[in-house]
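Structure first, then comments.
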Amino acid sequence: MGHPAGNGTSPETLVSRREMLGAAAATLGLLAGGGLSSAAGGEEEDSLDSLRGPAGVLWDRVHKQFRLRGGLAYLNNGSLGPCPVQVVQAAIQAWRSLEENPADMAYGPLLEKMEAARTRAAGFLGCATEELAVTGNTTEGMNAVAQGIRLEAGDRILTTDQEHPGGLAGWGYRQKHEGVPVDLAALPTPPASPEAIVESIQRGLTKATRVISVSHVTYTTGLRMPIEAIASLARANGALLVVDGAQAPGVLDVDVTRLGCDAYATSAHKWMLAPKGTGLLYVRKESQERIAPLLLQHGYRSYTASTGTRNVPALIGLGAAVEFLQRLGKIDIERRALTLRTHLYEVLQTLPGIQVVSPPPGDLASSLLTFTLPNGKQPAAVAKTLAEEYGVIVRVMSHGNVQGIRVSTHIYNSEADLDRLVSSLRKGLGK
Ligand SMILES: Cc1ncc(COP(=O)(O)O)c(C=O)c1O
């Protein structure tokens, strides 16, 4: 399996000599103890309070909190999201404090800050602090759950044909080493309705199915799965529902308790805009007896005998990222990101030969959108041209019969980024 990120582009090709000199000076400023704001070209970060006006979130001001390279239309948040400057500052500050007296700081005041970040994240996801563990990413969370579910001989796992390898690895391991059968439900692409998805899961169920494992939002086409309905189905069949939530919290208004799943793993470094290598794992209180990974044997705290020492600055940055998102508001963020996505959906209809394979705007849509190219055009080559010649960063999607380009829209993007994608595609495809 290839890692999601790549389109083989060297980002350096986008940087002018002047920008490179600026970046070098900025780095020196940072190393010399200068604040990140001076390192980022003289722009101060705004206070969180100032990101909202009387009429709602000031999205233009939100854009300015991100330090993407000048001229880049970054449309690949589904692989990794950028941190706003407030998050980078919080992490750097924590790192500086940590290095002043490592052990005392890591297991003293900074451990308390990591715990505060976990509590804040639990509030953000709609669960109790004691139901939420910090991890490094979704893959780690999904693997821990797969490892920690007690199964008996004959028990089966049901998942879908649209899962990311990171959500599947743990089940594959149990299949390989314990012979646990893993069944695949074929999801319609695109599905006609949420009911059509639930039916496809239902068709895959057997009396022996003990676990249903699905993505909240598929990485392939951004299909937003009807998790609440699948949770009811799982419960009625005595199965646990495990959700790979890599592509949802931070952009969609996710409440894990409301979803009704038993476990939910996510990566904070995607849509939650947190430092790279941070993630969260929710295990419902009532399900903790049945899902008992070694990682959680000594409880859910940020440091336990099962987890050992963590990346302290990154976890404190995670707390700052959640605060940033909370100040903007989950509902407003979702609305903004989906407005951008609808704009993209509409402008893509004007391009001959392009076919959107993601659901139309509505219940099944998310902030990921995938389209296929006209005959004879290779997604990897087109993505490379977009990046190198137009500064537009997208992800190549290659999964079964989904072969195309995936675009992510988050709050730091604008309609102008999407229009640039479309005009670049129009020019690029003509080559
Ligand atoms: C649905 C899904 N699951 C898991 C992952 C793996 O994420 P991570 O590398 O953060 O563990 C991804 C990454 O794109 C994903 O889209």
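Counting convention: from 1, in listed order, for ligands and their atoms alike. Numbering of residues begins at 1 and proceeds along the displayed sequence.
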>> Is the ring pair His164/Tyr219 parallel, tilted or perpendicular, if the boundaries are 30 and 60 degrees?
In response: perpendicular
>> Please determine whether a side-chain nitrogen of the Lys or Arg among Glu289 and Arg284 lies less than 4.0 Å from a carboxylate oxygen of the Asp or Glu.
In response: no
>> Below the 3.5 angstrom mark, is there an N/O of Tyr219, backbone or side chain, next to an N/O of ligand 1?
In response: no
> For ligand 1, which atoms sit closer than 4.0 Å to a heavy atom of Ser267?
Replying inline: 7 (O), 8 (P), 10 (O), 11 (O)
> In terms of ring plane angle, is the pair Phe66 and Phe324 parallel, tilted or perpendicular, where the classes change at 30° and 60°?
Replying inline: perpendicular
> Among Glu163, His164, Gln162, which one has a heavy atom closest to atom 15 (C) of ligand 1?
Replying inline: His164
> What part of Glu140 sits under 4.0 Å from ligand 1 if we count only heavy atoms: the side chain, the backbone, both or neither?
Replying inline: neither
> Can Arg327 and Glu323 be counted as an ion pair, charged N to O under 4.0 angstrom?
Replying inline: yes
>> Using a 4.0 Å cut-off to any heavy atom of Gly78, which atoms of ligand 1 qualify?
In response: 14 (O)
> Against heavy atoms of Gln247, which atoms of ligand 1 measure under 4.0 Å?
Replying inline: 14 (O), 15 (C), 16 (O)
> Can an N or O of Arg406 be found at a distance shorter than 3.5 Å from an N or O of ligand 1?
Replying inline: no
> Is any NZ, NE, NH1 or NH2 atom of the basic residue among Glu130 and Lys285 found under 4.0 Å from an Asp or Glu carboxylate oxygen of the other?
Replying inline: no
> Considering residues, nucleotides and ligands other than Glu99, do more than 12 of their heavy atoms fall under 6.0 Å from its CD?
Replying inline: yes
> Among Asp244, Thr139, Val214, whose heavy atom sits nearest atom 3 (N) of ligand 1?
Replying inline: Asp244
> For Met142, is the nearest heavy atom under 4.0 Å from an atom of ligand 1?
Replying inline: no
>> Taking the basic N atoms (NZ, or NE/NH1/NH2) and the acidic carboxylate oxygens, is any pair closer than 4.0 Å for Arg156 and Glu178?
In response: no
>> Which of the numbered atoms in ligand 1 are under 4.0 angstrom from any heavy atom belonging to His269?
In response: 10 (O)
>> So is Gly136 touching ligand 1 or not, going by heavy atoms under 4.0 Å?
In response: no
>> For ligand 1, which is the ligand I care about here, please tell me if Lys270 has any N or O atom under 3.5 Å from one of the ligand's N or O atoms.
In response: yes
>> Tell me whether Gln378 at atom CD has more than 12 heavy atoms from other residues, nucleotides or ligands lying less than 6.0 Å away.
In response: no
